[in-house]
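Data block below; observations after.
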Amino acid sequence: MSDNIKMRAQLKGNIVEVKVLMSHPMETGRKKDDFGQLIPAHFIQLLTATLNGKTVLEAQWGTGIAKNPYLTFRLIGAKLGDVVAVTWVDNKSESATQYISVTSA
Amino acid sequence: MQRRNFLTLMLGAVATLFLQPFNALAALWNKSAFDAVKIEDSTKILAIHDEINSNNIQIIAPDLAENGAVVQVEVKSNIANTEAIFILVEKNPTSLIAHFVLSSEMDPYIVTRIKMAETSDIKIVVKAGTQYFSRSKNIVVLENGCG
């Protein structure tokens, strides 16, 4: 399911800026469909980012993150060629992972 | 192998077992904090206390959001040793939006997009050591984005 996550990690000065776009419905469980039925909650609960395999960011999300979640974070001291990985797990235990190497801006 | 080394190794092995991402992650999600309706209840469950209002937290977000379904929020903390950043929205059906835990390799800077039900304050809380700092910003919302 790596198509689920689009990622970019660019070195800008001494900072690596990582931009992540995930494809996910982020259903709150409060919305109704056209037939008045509640659409069950379906949302990303946990997101982890690693740098060369070491965890650098751990996030817990609720239903208040917008559909198709977007995230930018910055790493200090990462180098060209370092590998950044992002994994998410949702409330249905579905998950996706994406890896990207740091490139120059 | 010395006994001490062996014990350290075993401790490491046990810790690794518990840190297995996919088995343990679901248990990590703080259900009660995310289910809490009121912002005070969320912060209480998260053990956030004695927050100091701080201008060292920078919030870049629109003053007015036409559609509450997608509101971009940029947070920068200039507080030394920022370990965690919380995003809360006072008047959402559930207040806690996100909780980020940052390692020392991270610049304390996060951009994400959130949902807002109505005009409300968004509150950013930063944890640094044993201290908590916060800053709020009001965002006018024209269309409910929480469905």
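So that the names make sense, note that chain A is the first sequence line, chain B the second, and so on, each numbered from 1.
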Centres of the A:Phe43 and A:Trp61 rings: under 6.0 Å? no

Contacting moiety of A:Ile15, where chain B heavy atoms sit under 4.5 Å: side chain

Does the side chain of A:Lys19 come within less than 4.5 Å of A:Leu21's, by heavy atoms? no

Using 0.5 Å steps for rounding, measure from the CZ atom of A:Arg30 to the OG1 atom of B:Thr94. 5.0 Å

Under 3.5 Å, is there a donor on one side chain and an acceptor on the other for A:Glu94 and A:His42? yes

Any idea which heavy atoms bring A:Pro25 and A:Lys67 closest together, and the distance? O-CG, 3.5 Å

Under 4.5 Å from a heavy atom of chain B, the part of A:Thr63 involved: both

Do B:Gln58 and B:Glu74 touch side chain to side chain, with heavy atoms closer than 4.5 Å? no

Heavy-atom side-chain contact between A:Ile65 and A:His24 under 4.5 Å: no

Does one side chain, of A:Thr97 or A:Tyr99, offer a donor that lies under 3.5 Å from an acceptor on the other? no

Testing B:Val89, B:Ile57, B:Ile97, B:Ile39 for side chain to side chain contact (heavy atoms under 4.5 Å, CB included) with B:Lys123, which one passes? B:Ile39

Distance only, no hydrogens: is a donor on one side chain within 3.5 Å (strictly under) of an acceptor on the other, for B:His99 and B:Asn30? no

Sorted by number, residues from residues 131-141 of chain B in contact with chain A (heavy atoms, under 4.5 Å): none

Counting heavy-atom pairs closer than 4.5 Å to chain A, which one of B:Pro93, B:Ala69, B:Ser95 comes out on top? B:Pro93

Just checking heavy atoms, which of residues 104-122 of chain B are less than 4.5 Å from chain A? B:Glu105, B:Met106, B:Asp107, B:Tyr109, B:Ile110, B:Val111, B:Thr112, B:Arg113, B:Ile114, B:Lys115

For the pair A:Trp88 and A:Val20, evaluate side-chain contact (heavy atoms from CB on, under 4.5 Å) and give the outcome as yes or no after the intermediate values. CA-CA 11 Å; A:Trp88 59 250; A:Val20 190; over 6 Å; no

